Amino acid sequence: MSASAESEKPKSVDFIREKINADNQSGLYSGRVQTRFPPEPNGYLHLGHAKSICLNFSLAEDYDGVCNLRFDDTNPETEDQDFVDGILEDVRWLGYEPNSVVYASDYFEQLYLWAESLIERDLAYVDDQDAETISEQRGGFTTPGIDSPFRTRTPEENLALFRGMRAGEFADGEKVLRAKIDMNHENMQMRDPVLYRIRREHHVRTGTDWIIFPTYDWAHGQSDAIEKVTHSICTLEFDTHRPLYDWCLENLELPAEKPEQTEFARLNLTHTITSKRKLKVLVEDGSVDGWDDPRMPTLRGMRRRGYPAAAIRAFMDHIGVSKANSVHDIELLESFIRTELNRVALRRMAVLRPLKVVITNWPEGQSDMREAINNPEDDTAGTRQVPFSGELWIEQDDFALDPPPKYYRLTIGREVRLRAGYFITANDVVTDDDGNVTEVHCTYDPETAGGQAPDGRKVKATIHWVSADTAVDAEVHLYDRLLTDPHPGSGDTDPLSSLNPNSRETVHAKLEPALADVEPGQVVQFERLGYFAADIDDPTVFHRTVGLRDEWANIQKRRQNS
RNA sequence: UGGCCAAUAGUUCAGUUGGUAGAACGCCAGAUUUUGAUUCUGGAGGUCGAAGGUUCGAUCCCUUCUUGGCCAACCA
């Protein structure tokens, strides 16, 4: 996974690497490259975070640098230990080991001291007004702000008040510390932003030690500086915070060269939302089974679904980084999933919608073992024995009484191959009262054991099957897009309004016996159907990770459209 | 409404220190195939958002416009 291994042809350099190269050239950080992934532990990680993780960690790898995982735990209201644990687990699952795991809350004392030094230099003041008033005074894009009546307090007064805030002399919300910058600044972020607020809330790590908490703007750049981060990568919406990021750092004594913030466009995918708030709604209203539901774009959801971490990394590497807002097609991600799984997944046979086949010339009561290849892409995967008998399950789709044009599969009078088995010819059917086929009667050719005819005759189709007497029953979940709208939330619609009521279909499948032994979480290919992941908790349940490319489906679609 | 960011095949991105463009995915066709998969080969598909300007020459530089995104939380 190292940069040198996969960059045979000179890969074009993105704007972030361009900047790093320039910084290395100028010696700004003496060649050091340090990044960080800074999630707030208030939810589980999703695809959007994955882009940031891959970017930050691969930057560190490429430049022989360092990347930390830093929990931005500055707001005790929403944060939770479960999220801290879950995030660390997810980062490791994605394939990255942080240089160290750190917390913004580790720096609360330093941050506090720095705030006092700001006050001493008359660069910050305590404001007694409430949030609403402060917001009103901030003005608008075209109207200037208004100075707070408390803006002129002396440093001595402010220092005493700020210490009182820390000591618990004031109620929550009664006072805040604000930077003293410019209430007329064209950038709203610079109109005396709030640096500290009082919040008597239990903090996951500091408990009740602190009742004043730094805001993002006061904590983030300084945390970067304390850790000696060189390149602080964040998403586009923080670009207007950059002047504030710089202002804070320029007014403090730093332990190293000042880090610099660079913004990139976040990842958007068709049919997908990556808003933590919206995902939470889905979890809470029961639209999905939880944060790790296989339909969720969370890392836990994708893991349960069977998405290989390597495929997610390859996808992120492929889409690259830019400053252009973009919506990637989820099919592109899926193609990376298929490419990876095609390489590594064991082939097995499973029938999702079973139709009984009786082989009328099969010797009564005899059973047979067929040898099947485990993975044609990987010789070392070997073969396995699959039991065969006179009663089989095949896919309902693989038999047609009245076949459409170009249908290659089984129909009356036609011979097809059972994969790794025999050639069979359909002769007759049994139907129920409604005329549905419930059983197909076939004859097999004993000469075609293994799937080859000695006389060299060919068949058009090879279909999969499972012997009825040894079949393993399983519940299989088939997934469709969670949201039918390719661009959920566009044009002021509610992103969740296109929730697909049929995003999960459960079928009762028949599996070959070898599938009773899969490991929890293991992904296998059900031949001709797709890739399926054994559930992490209950490996008798399978989730369809992604289907195979399906030329037959395209043919039918085209026929329908014409 | 002010500021910032962006605009190149159907989609997402490369690219050209200014000489009219490439990849991946998708689509189509052929070959191979005991998965209608994989693999391989080929193909279709672009007035490089618009209008002006600078230049021998602009997709690239400049101006204006258009379109989209973000920003006015004691969230991050």
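Everything numeric here is computed off the predicted structure, so don't read it as measured data. Quick note on labels: first sequence line is chain A, next is B, and so on, each numbered from 1.
As a whole-Å value, the separation of A:Leu267 CG from B:U12 P is 12 Å. A straight line from CD of A:Glu263 to C1' of B:C71 spans 12 Å, rounded to a whole angstrom. Counting to the nearest Å, the P atom of B:A73 and the CG atom of A:Asp192 are 14 Å from each other. Between A:Tyr125 atom OH and B:C74 atom P the separation is 12 Å, expressed in whole Å. Note: CZ (A:Arg409) to P (B:U35) measures 13 Å, nearest angstrom. One interatomic measurement links the two molecules: CG of A:Asp217 to P of B:A73, which rounds to 12 Å at whole-angstrom precision. Distance, A:Glu186 CD to B:G2 C1': 8 Å, rounded to whole Å. As rounded to whole Å, 13 Å separates atom P of B:G26 from atom CG of A:Leu333.
For A:Lys406, the listed nucleotide lying nearest its side chain is B:G36; candidates were B:A76, B:A72, B:G36. The side chain of A:Thr215 sits closest to B:A76 out of B:A76, B:U35, B:G36. Between B:U35, B:U12, B:A76, one nucleotide has an atom nearer to the side chain of A:His328 than all others, and that is B:U12. Each of B:A76, B:U35, B:A73 was ranked by its minimum atom distance to the side chain of A:Ser135; first place goes to B:A73. Of the candidate nucleotides B:A6, B:U35, B:G2, B:U35 has the atom lying nearest to any side-chain atom of A:Arg419.
Annotation: of the two residues near RNA chain B, A:Gln452 and A:Asp128, the 5′-most nearest-nucleotide partner is A:Gln452. Along RNA chain B, the nucleotide nearest A:Asp239 and the nucleotide nearest A:Arg528 are compared for position; the residue whose nucleotide lies closer to the 5' end is A:Asp239.
As the counterpart of B:U33, no nucleotide is assigned, since no Watson-Crick or G-U wobble pattern has both distances under 3.5 Å. Of the nucleotides present, none pairs with B:U1 by Watson-Crick or G-U wobble criteria with both distances under 3.5 Å. Using N1 to N3 plus N6-O4 or O6-N4 for Watson-Crick, or N1-O2 and O6-N3 for G-U wobble, each under 3.5 Å, B:A7 pairs with B:U66.
Salt bridge annotation for A:Arg384-A:Glu512: present, with a cationic side-chain nitrogen under 4.0 angstrom from a carboxylate oxygen. A salt bridge is absent between A:Arg70 and A:Asp106; no separation between the charged side-chain nitrogens and carboxylate oxygens falls under 4.0 Å. Checked for salt-bridge contact, A:Arg242 and A:Asp239 miss the test: no charged N lies under 4.0 Å from a carboxylate O. In summary, A:Glu260 and A:Lys19 engage in a salt bridge, as defined by a charged side-chain N under 4.0 Å from a carboxylate O. Using a cutoff of 4.0 Å between basic side-chain nitrogens and carboxylate oxygens, A:Arg197 and A:Asp172 are not scored as salt-bridged. A salt bridge does not link A:Arg353 with A:Glu395: every distance from a Lys NZ or Arg NE/NH1/NH2 to an Asp or Glu carboxylate oxygen is 4.0 Å or more. Electrostatic pairing of A:Arg151 and A:Asp192 counts as a salt bridge here, judged by a charged N lying under 4.0 Å from a carboxylate O.
Taking 4.0 angstrom as the limit, A:Arg558 places a side-chain polar atom (N or O) nearer than this to OP1 or OP2 of B:C28. Taking 4.0 angstrom as the limit, A:Arg138 places a side-chain polar atom (N or O) nearer than this to OP1 or OP2 of B:C74. The side chain of A:Arg199 contributes an N or O atom lying less than 4.0 Å from OP1 or OP2 of B:C75. The side chain of A:Arg197 contributes an N or O atom lying less than 4.0 Å from OP1 or OP2 of B:A76. Contact check, A:Asn554 against B:C27: a side-chain N or O comes under 4.0 Å of OP1 or OP2. The phosphate of B:C4 has neither OP1 nor OP2 within less than 4.0 Å of any side-chain N or O from A:Thr240. Taking side-chain N and O atoms only, A:Ser335 has no distance below 4.0 Å to OP1 or OP2 of B:G26.
Between B:U8 and B:G69, the two P atoms lie 15 Å apart (nearest whole Å). Separation of the P atoms belonging to B:U67 and B:A51 is 16 Å when rounded to the nearest angstrom. The P atoms of B:A6 and B:A14 are separated by 12 Å, rounded to the nearest whole Å. Using atom P as the reference point in both B:G45 and B:A7, the two lie 26 Å apart (nearest Å).
Applying the 6.0 Å contact sphere to CD1 of A:Ile373 captures no more than 12 heavy atoms from other residues, nucleotides or ligands.
The aromatic ring of A:Trp552 is stacked on the base of B:G36, with the two ring centres less than 5.5 Å apart and the planes inclined by under 30°. The ring of A:Tyr216 does not lie on top of the base of B:C75; it is either too far (5.5 Å or more) or too tilted (30° or more). Stacking of the aromatic ring of A:Tyr408 onto the base of B:G36 is found: the ring centres lie under 5.5 Å apart and the planes are inclined by under 30°.
Residue A:His318 places no side-chain atom within donor-acceptor reach of the base of B:A14, judged by atom type and a 3.5 Å distance cut-off alone. A donor-acceptor contact under 3.5 angstrom links the side-chain atoms of A:Gln525 to the base of B:U35.
Partner of A:Tyr196 under the ring-ring contact (aromatic ring centres under 6.0 Å, His included) criterion, out of A:Phe213, A:Trp210, A:Phe162: A:Phe162 alone.
Using a 4.5 Å heavy-atom cutoff, the side chains of A:Arg409 and A:Ile463 are in contact.
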Problem - Under 4.0 Å protein heavy-atom contact, by nucleotide of nucleotides 38-44 of chain B - B base, S sugar-phosphate only - result: S------

